[in-house]
*Asks:* 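Below is the structure I would like to discuss, written out as structure tokens.
All values below come from the heavy atoms of this structure, side chains included, with hydrogens, waters and symmetry mates left out.
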Amino acid sequence: MSEKIVINLKKPLPASNDCLPHAAMNLGSPRGVGMTPRPGMVSRLVLQEQNDSWCLYRLDENGGFVGDSWHGTKEDALHQLKREFGVEVDPKSV
């Protein structure tokens with residue numbers, strides 16, 4: 001069974017420029033319209049183990065996809081959480 005950590009942010013924050021917003025995920029949404037689609041605000045973070053890697057999903061307040069990033073280790077993914085959103089998670093507690 002893969003490990004999963006879900007974090008709800010106290011207030012929405014923008015995703016950093018290095019996460020990958022997939023164009024197909026924005027089709028049909030107001031964010032995906034125009035030459036420069038506006039980024040979604042991140043309200044929920046989901047860190048999930050997948051295929052010996054860790055994926056950090058960024059979701060908006062309605063659970064819509066904002067972006068993701070892949071990390072080789074859990075520690076690297078937790079470092080990204082702290083760097084991008086100021087969220088600290090003790091790796092031993094999860």
*Asks:* Mind checking the NE2-CG spacing from H71 to L47? Nearest 0.5 Å is all I need.
*Replies:*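 Reported value, rounded in 0.5 Å steps: 7.5 Å.
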*Asks:* Drop me the distance from Q50's CD to K4's NZ, to the nearest 0.5 angstrom.
*Replies:*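 Between atom CD of Q50 and atom NZ of K4 there are 10.0 Å.
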*Asks:* Quick one, M41 and P14 - any side-chain contact, counting heavy atoms below 4.5 Å?
*Replies:*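 SC-SC contact between M41 and P14 confirmed.
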*Asks:* CZ of R83 to CG of D76: how many Å apart, nearest 0.5 Å?
*Replies:*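 R83 atom CZ to D76 atom CG measures 9.5 Å (nearest 0.5 Å).
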*Asks:* Take R58 and L45, measure what side chain to side chain contact (heavy atoms under 4.5 Å, CB included) needs, and give me the verdict at the end.
*Replies:* CA-CA 5 Å; R58 295 149 182 88; L45 302 165; 3.9 Å; yes
*Asks:* List the atom of L13, the atom of L9, and the distance in Å for their closest heavy-atom pair.
*Replies:*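 That closest heavy-atom pairing would be CD1-CD1, 4.3 Å.
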*Asks:* Please report the closest heavy-atom contact between L59 and V66, naming both atoms and the distance.
*Replies:*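 Heavy atoms of L59 and V66 come nearest at C-CG2, 3.8 Å.
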*Asks:* Once you round to the nearest 0.5 Å, how far does CD of E75 lie from CH2 of W54?
*Replies:*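 These two atoms lie 8.5 Å from each other.
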*Asks:* Quick one: side chain to side chain donor-acceptor pair (under 3.5 Å) partners of N8, sequence neighbours excluded?
*Replies:*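 With sequence neighbours excluded, N8 shows a side chain to side chain donor-acceptor pair (under 3.5 Å) to R44, given in chain and number order.
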*Asks:* Residues two or more places apart in sequence or in another chain: which of them pass side chain to side chain donor-acceptor pair (under 3.5 Å) with Q48?
*Replies:*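 Side chain to side chain donor-acceptor pair (under 3.5 Å) check on Q48 returns nothing, list empty.
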*Asks:* If the condition is side chain to side chain donor-acceptor pair (under 3.5 Å), which residues does S16 pass it with, not counting sequence neighbours?
*Replies:*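 D18, E84.
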*Asks:* Do N51 side-chain atoms and S53 backbone N/O form a donor-acceptor pair below 3.5 Å?
*Replies:*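 No, the answer is negative, given that no donor and acceptor are paired below the 3.5 Å cut-off.
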*Asks:* Taking salt bridge (Lys or Arg N to Asp or Glu O under 4.0 Å) as the definition, give me every residue that meets it alongside K82, ordered by chain and number, with sequence neighbours left out.
*Replies:*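 Listed in chain order: E88.
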*Asks:* How long is the straight-line distance from CG of L78 back to CG of L56, given to the nearest 0.5 Å?
*Replies:*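 Here the rounded value is 9.5 Å.
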